[in-house]
Amino acid sequence: LEKAADQKEESAVTKLNEIMIPAKVNPFTVVRHYNAFPISESGKVTIQINKIKWFNNPPKYDIRVWYKVSQPGHGFTLSFDELEQLNNILSGELINDLKDSQEIVVAPRRWKKATIKEHYGHIENGTDKNIEVGLVAMPAEIKYDIRRWKPQYEDYEAGVRFYKEEWEKFIPLLNAAYKAAAKEAG
């Protein structure tokens, strides 16, 4: 009788776990891989440019750090228009549009304070988070940076940061990805 009660309790726990802990679901599908380059000595950490379908949403262009080929890290998604505008910003002469080379010091709610050293451009997308391109210190390490920011730089979301050598590799790869995406879009 005790054994039957233990089995019944174990069965109830298993059913509860099945309800509370669903099977591992892959939330994304890579629709098209455009480019990647390693940012770690081992080559296992890369920055990739892809077209990805996240959950059940329509596919978007995606710039992101990837770990061990299949684990997405921090990054962001873009529409085709945003990809085109980003390509235009990076393909043209980068212009520092801060007046008198002023720096913007941002103290967002997040744990990292940011200082925008140089601002190269932004992409408005009709939401409260524009994509900004610049040279940013977070907190003291200065890197090229692409991410979504709220108006007046009050807060920011995950983005991608580059050392100078990585930035120089990224720009032609983004240009090639944009050209392929434009050709696919017709």
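Here the structure is a predicted model, which means the values were calculated and not measured. If you read the sequence from its start, that first residue is 1, and numbering goes on from there. In what follows, every heavy atom counts, from backbone to side chain, and hydrogens, waters and symmetry copies are set aside.
- The aromatic rings of Tyr120 and Tyr144 lie parallel to each other, with less than 30° between the two planes, well short of the 60° mark.
- Panel note: side chain Arg64, backbone Gly159; no donor-acceptor pair is recorded below 3.5 Å.
- Glu168 contributes no side-chain N or O that, together with a main-chain N or O of Glu165, makes up a donor-acceptor pair within less than 3.5 Å.
- The ring pair (Phe, Tyr, Trp, His ring centres under 6.0 Å) check on Phe76 picks up nothing, with sequence neighbours excluded.
- The distance from atom CZ of Arg161 to atom CD1 of Ile47, rounded to the nearest 0.5 Å, is 11.0 Å.
- The pair Asp145-Lys143 fails the salt-bridge criterion, with no side-chain N (NZ, NE, NH1 or NH2) lying under 4.0 Å from an Asp/Glu carboxylate O.
- Between Phe28 and Ser70, the shortest heavy-atom distance links the atoms CZ-O, 3.6 Å.
- Between Leu174 and Tyr34, every side-chain heavy-atom pair lies at or beyond the 4.5 Å cut-off.
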Identify all side-chain donor-acceptor contacts of residues 129-141 below 3.5 Å with residues at least two apart in sequence or on another chain.
unit_1, atom_1, unit_2, atom_2, d
Lys129, NZ, Glu157, OE2, 3.1
Glu132, OE1, His119, NE2, 2.4
Glu141, OE2, Tyr163, OH, 2.7

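- Across every non-hydrogen atom of His33 and Ala36, the tightest pair is CE1-CB, 3.7 Å.
- Using a 4.5 Å heavy-atom threshold, the side chains of Leu86 and Leu90 count as touching.
- Among all heavy-atom pairs drawn from Ala181 and Leu83, the shortest one is CB-CD2, 4.0 Å.
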I'd like to know whether Ile49 forms a side chain to side chain contact (heavy atoms under 4.5 Å, CB included) with Phe170, so could you lay out the CA-CA distance, the side-chain angles of the two residues, the decisive distance to 0.1 Å, and finally the verdict. CA-CA 9 Å; Ile49 305 168; Phe170 173 73; 3.8 Å; yes
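- In this structure, the side chains of Phe37 and Ile39 come closer than 4.5 Å at one or more pairs of heavy atoms.
- Checked by atom type and distance alone, the side chain of Thr46 never pairs as donor or acceptor with a backbone atom of Pro38 at under 3.5 Å.
- Atom CD of Glu184 sits in a crowded spot, with more than 12 heavy atoms from other residues, nucleotides or ligands closer than 6.0 Å.
- Scanning all heavy atoms of the two residues, the minimum distance from Lys60 to Ser79 falls at CE-N, 4.3 Å.
- Among all heavy-atom pairs drawn from Ala176 and Asn35, the shortest one is CB-ND2, 3.9 Å.
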Would you tabulate the side-chain donor-acceptor contacts of residues 51-58 under 3.5 Å, counting partners in other chains and residues two or more places apart, or write 'none'?
unit_1, atom_1, unit_2, atom_2, d
Trp54, NE1, Asp62, OD1, 3.3
Asn57, ND2, Trp54, O, 3.4

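- Panel note: side chain Ser42, backbone Lys44; a donor-acceptor pair is recorded below 3.5 Å.
- Distance check, rounded to the nearest 0.5 Å: CD1 of Ile171 to CG of Asn87 gives 10.0 Å.
- Minimum interatomic distance between Val160 and Gly75 (heavy atoms only, all atoms of both residues): CG2-CA, 3.8 Å.
- Contact annotation: the side chain of Glu82 approaches that of Arg148 to within less than 4.5 Å [non-hydrogen atoms, C-beta and beyond].
- One finds the CD1 atom of Ile142 at 8.5 Å from the OG1 atom of Thr115 (value rounded to the nearest 0.5 Å).
- Contact check for Lys68 versus Gln71: side-chain heavy atoms found under the 4.5 Å cut-off.
- Atoms CD1 and CD, on Ile123 and Glu84 in that order, are 10.0 Å from each other to the nearest 0.5 Å.
- For the pair Tyr61/Val31, no side-chain contact is recorded, criterion being any heavy-atom separation below 4.5 Å from C-beta on.
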